[in-house]
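Counting starts at 1 for both ligands and their atoms, following the listed order.
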Amino acid sequence: MQVLLALVSFALSVARAGAVPAPRQLSGLNDLFVAKGKLFWGNIGDSNTLSISSNTEVLTSEFGALTPENSMKWESIEPTQGSFSFTGADALVDFANSNCLMVRGHTLVWHSQLPAYVSAISDAATLTSVIQSHIAGVAGRYAGQFYGHEVLNEDGTLRSSVFSNVLGDSFIATAFEAARAADSTAKLYINDFNLDSNNAKVQAMVALVKKVNSGTQLIDGIGTQTHLSAGGSSGVADAITTLASTGLEVAITELDIASAPTADYVAVAQACLDEPRCVSITSWGVSDANSWRASETPLLFDSSFAPKDAYDALVSLLL
Ligand code: XIL
């Protein structure tokens, strides 16, 4: 009898082993997020942080894409007209290629971190051609290599800038057309902050992308930066659903949350999981030590690169 039981239990365990493949070992936020059907959970970098080994260890084990924190901004990459400085951006791209990370370009046209020679232009034809040359220079250099480009950091309400002041809203189509001409494969995004609830800015963004895309689809995706205060996640799911109602991709592009509350991080990740058009999340930094909001300790790793409770909660959510 005992032998029979042992044989039956052996047969059952063989059958189970055959029917259910051993689970793949998943590790790191990116792997877990990808296993849920998403494209990546990325982070940022540039030479200042890519030279810190504790940073790159976390970066390469936890994250699947890189956005340049500053090196592709206009003041860094074309500081004087017609003269490009690709050293910082190339270093970021080389690091990404060596470590199998995707790249999001950031950002071709933005009112901030803009050289004075651009801000001083008052003639529409000159500004149009300066935008076109800038985008051709940057997007052209990395054509075919990036997952996407944040073409504009702008929202539907069009803030006052040299671009909107001189060109009205035509600079939007100009920028997207130039980016498409320079790189036929990258996803082209419009990206901005304070799109964290279904507010007037979100509504304006939806109206703007519909208007710009009414002929040809110029804009492929909407980025919502998601720089939150503690407790600021309650409207994020609604905002993401509303942005996704355009039919475009949505990405959370610059996530950080003051004091890194577990509930807020989980709510943001859940909002992206729940919306099929939400393709990715990018954290705006690895460790608080290198955060642009360092005093608010908003990141998933503390200043010693130790994971916080919010990190553990995300892993539990995604497992
Ligand atoms: C920030 C960088 O993190 C800082 O290092 C820099 O001094 C200022 O810009 N929205 C954006 C990002 O689109 O480019 C900004 O990054 C943060 C706000």
message: Test: disulfide (SG to SG under 2.5 Å). Region: residues 280-316. Which pairs qualify, not counting sequence neighbours?
response: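 For residues 280-316: none.
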message: Suppose the criterion is disulfide (SG to SG under 2.5 Å): which pairs have a residue in residues 219-319, not counting sequence neighbours?
response: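 The answer is Cys272-Cys278.
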message: Here's one to test your reading of the geometry: is the NZ or CZ of Arg104 within 45 degrees of the ring axis of Tyr189 and under 6.0 Å from its centre?
response: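 Flagged: Arg104 positioned over aromatic ring of Tyr189.
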Contact table, ligand 1 N/O with protein N/O, distance under 3.5 Å:
{"unit_1": "ligand 1", "atom_1": "3 (O)", "unit_2": "Glu69", "atom_2": "OE2", "d": "2.5"}
{"unit_1": "ligand 1", "atom_1": "3 (O)", "unit_2": "Trp284", "atom_2": "NE1", "d": "2.9"}
{"unit_1": "ligand 1", "atom_1": "5 (O)", "unit_2": "Glu69", "atom_2": "OE2", "d": "3.2"}
{"unit_1": "ligand 1", "atom_1": "5 (O)", "unit_2": "Asn70", "atom_2": "ND2", "d": "3.0"}
{"unit_1": "ligand 1", "atom_1": "9 (O)", "unit_2": "Lys73", "atom_2": "NZ", "d": "3.1"}
{"unit_1": "ligand 1", "atom_1": "9 (O)", "unit_2": "Gln113", "atom_2": "OE1", "d": "3.3"}
{"unit_1": "ligand 1", "atom_1": "10 (N)", "unit_2": "Gln225", "atom_2": "OE1", "d": "3.1"}
{"unit_1": "ligand 1", "atom_1": "10 (N)", "unit_2": "Glu254", "atom_2": "OE1", "d": "3.0"}
{"unit_1": "ligand 1", "atom_1": "13 (O)", "unit_2": "His106", "atom_2": "NE2", "d": "3.4"}
{"unit_1": "ligand 1", "atom_1": "13 (O)", "unit_2": "Asn153", "atom_2": "ND2", "d": "2.8"}
{"unit_1": "ligand 1", "atom_1": "13 (O)", "unit_2": "Gln225", "atom_2": "NE2", "d": "3.3"}
{"unit_1": "ligand 1", "atom_1": "13 (O)", "unit_2": "Glu254", "atom_2": "OE1", "d": "3.3"}
{"unit_1": "ligand 1", "atom_1": "13 (O)", "unit_2": "Glu254", "atom_2": "OE2", "d": "2.7"}
{"unit_1": "ligand 1", "atom_1": "14 (O)", "unit_2": "Lys73", "atom_2": "NZ", "d": "2.7"}
{"unit_1": "ligand 1", "atom_1": "14 (O)", "unit_2": "His106", "atom_2": "NE2", "d": "2.7"}
{"unit_1": "ligand 1", "atom_1": "16 (O)", "unit_2": "Lys73", "atom_2": "NZ", "d": "3.3"}
{"unit_1": "ligand 1", "atom_1": "16 (O)", "unit_2": "Trp284", "atom_2": "NE1", "d": "3.4"}

- prompt: Between Asp46 and Lys73, does at least one N-O distance fall below 4.0 Å, as a salt bridge requires?
  reply: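 No, this pair does not count.
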message: Glu69: which residues meet the side chain to side chain donor-acceptor pair (under 3.5 Å) condition with it, sequence neighbours left out?
response: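 Glu69 satisfies side chain to side chain donor-acceptor pair (under 3.5 Å) with no other residue.
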task: Check the pair Glu154 / Phe171 against side-chain contact (heavy atoms from CB on, under 4.5 Å), numbers first and verdict last.
output: CA-CA 11 Å; Glu154 186 57 87; Phe171 81 94; 3.8 Å; yes
